[in-house]
Each structure stands twice: as C-alpha cells, then as structure tokens.
Amino acid sequence: MAQVGSTAIMYVVLYLAHGPSVRTSTALAGTLIGLLITAGIGLVAIHTARLSGLGDESSLLLRNQADQLDFRGLLTCAVIVAGLGVLNDVTITQSSSVWELREAAPHLTRRQIFASGMRIGRDHIASTIYTIVFAYAGTAVATMLLISLYDRPLIDILSDEAIAEEVARTLASAIGLVLAVPATTAIAAATVAPAVRSAPAGNA
C-alpha cells in the first residue's frame, strides 16, 4: 500500500514541479526503482532483526487505540516514505545532469555521458547519505544522550528496538539511494539525444 501511495505521490510531485518531459520521466523511473529497492531491503531488515514496529512511545500509544494494526507493516511504510524525499532529490539531479552534459558536449557517446554522470552522482551520493545520517541523529539526540549515560555495550545498544529501527531505516534508505543513482543515470543516458558526429574536415 505504501509503495502504491508513494508511486502516486511521485507522479504528481515530479510532473507538477518539473513538467512533463522525458527528463522528468527518467527521474520518475529512477525514483521508482529506488523505492522498490528500499522497500525490499526494509522488509528484509525488519524481519531479519525481528523488529515489532513498537520501538517508540507513539507506536505504543497507537497500539492502545488500534491494536489490530500491523505494526511491522507500518514500520515498513515508514521506511518507504522516509526514502521518498532523498530519492526524488537525487534522481531529478542525475537526470538533469545527463541532459546538461549532452547540451554542453553533444559529441560525447552514451557511454561517456554515463561515466560523466556517475562522477557527479558519486559526490551527490556521499553528501546525501551523511545528510540522512545527520537528520536521523538530530531526531534522536535525547536517546543518544540517554544511551551514553547508561554506558551500555554496542551490541546491547543495537539490539534496542528504537535504535534498531533507526539503523534499519537509515540502511534501507542509503542502499536504495546508492543503487538508484546508476539506474537513473543509465536510463537518462539511454534516452538522451544521440551524439552529434562532427563533419569531416574536407566537407567544411
């Protein structure tokens, strides 16, 4: 359900913000690939770590009001929605980068365009991933201070439900982001205008 809702949101947001074009459609395709990867990794992480989805106070309060909810499914939805913003940012940037590279260098082959786009993408990946980590860390400052006061071993900290949920969310978003970049760049390089061949010197 979260995947369907996220797809619908991306259709509306991307086409309204950037207009209908092949460039926007390329970014949308890359975003959907990233979302599928994020959802898959999130599901695996949640089931492997045996997370219940009841790691914070809000979930516990919600259980008292609606105990029929699937809280594991709710946590998976949270992982998918958390990945939406960063995926959208990265994929539209990658798509635009490829189109701008084609405008600046019409003679480059698709392979060269892809390689140049990936050099841009690697820097974007690094900056976005540490942005994700800092964003999650910022929302959990109180929890981290509490952990430091108790001076617990690392393995105990990671086995705590609240911390494990944040780790799973961060890893799923980061891996989905990393794999969405080459996917988007490849799609953009395949759909951008072909290289312009230079005319032979004797025909000038």
Check: Excluding sequence neighbours, so at least two apart, what forms side chain to side chain donor-acceptor pair (under 3.5 Å) with T170?
Finding: none
Margin query: Under a 3.5 Å distance rule, please check whether T24 uses its side chain to pair with a backbone N or O of L14 as donor and acceptor.
Written below: no
Note to self: Under a 3.5 Å distance rule, please check whether R110 uses its side chain to pair with a backbone N or O of A188 as donor and acceptor.
What the structure shows: no
Notebook entry, point to check: In chain order, what residues pass the side chain to side chain contact (heavy atoms under 4.5 Å, CB included) check against A39, with sequence neighbours excluded?
Noted result: Q3, I80
Check: Transitively linked via ILVMFWY side-chain contacts under 4.5 Å: I187 with I37?
Finding: yes
Notebook entry, point to check: Would you say I175 and L177 are hydrophobically clustered, going by side-chain heavy atoms of ILVMFWY under 4.5 Å?
Noted result: no
Notebook entry, point to check: Among all residues two or more places apart in sequence or in another chain, which pass the side chain to side chain contact (heavy atoms under 4.5 Å, CB included) test with A126?
Noted result: none
Note to self: Show me the pairs that pass salt bridge (charged side-chain N to carboxylate O under 4.0 Å, His left out) and involve residues 88-107, at least two apart or across chains.
What the structure shows: R23-E100
Notebook entry, point to check: Sequence neighbours excluded, which residues qualify as side chain to side chain contact (heavy atoms under 4.5 Å, CB included) partners of Y11?
Noted result: T7, Y15, L28
Next item on the list: Please report the shortest heavy-atom distance between V178 and P182, naming the atom on each side.
Entry: O-CD, 2.9 Å
Notebook entry, point to check: Members other than V12 in its cluster, when Ile, Leu, Val, Met, Phe, Trp, Tyr link by side-chain heavy atoms under 4.5 Å?
Noted result: L16
Check: Please walk me through it: do L32 and L36 pass side-chain contact (heavy atoms from CB on, under 4.5 Å)?
Finding: CA-CA 6 Å; L32 295 181; L36 285 171; 5.6 Å; no
Next item on the list: Tell me, please, which residues at least two apart from V44 pass side chain to side chain contact (heavy atoms under 4.5 Å, CB included).
Entry: T48
Note to self: Within the structure provided, determine whether I113 and T109 are in side-chain contact (heavy-atom separation under 4.5 Å).
What the structure shows: no
Check: Can you pull the side chain to side chain donor-acceptor pair (under 3.5 Å) pairs that have at least one residue in residues 30-41, sequence neighbours excluded?
Finding: T31-T91
Notebook entry, point to check: So which pairs with a foot in residues 31-48 pass salt bridge (charged side-chain N to carboxylate O under 4.0 Å, His left out), sequence neighbours left out?
Noted result: none
Item checked: Qualifying salt bridge (charged side-chain N to carboxylate O under 4.0 Å, His left out) pairs, either residue in residues 169-182, two or more places apart -> E166-R169
I'd like a table of donor-acceptor pairs (distance under 3.5 Å, sequence neighbours excluded) in which one partner is a side-chain atom from residues 114-122, with atom names and distances.
unit_1	atom_1	unit_2	atom_2	d
S116	OG	Q112	O	3.1
S116	OG	R119	NH2	3.1

Notebook entry, point to check: If every non-hydrogen atom of G176 is compared with every non-hydrogen atom of L87, which pair is closest and at what distance?
Noted result: O-CD2, 3.8 Å
Check: Looking at T26 and S95, what are the two nearest heavy atoms and their distance?
Finding: CB-OG, 3.7 Å
Check: What's the spacing between H18 NE2 and S96 OG if we round to 0.5 Å?
Finding: 7.0 Å
Margin query: With side chain to side chain donor-acceptor pair (under 3.5 Å) as the rule and sequence neighbours excluded, what pairs involving residues 179-190 come up?
Written below: Q94-T185
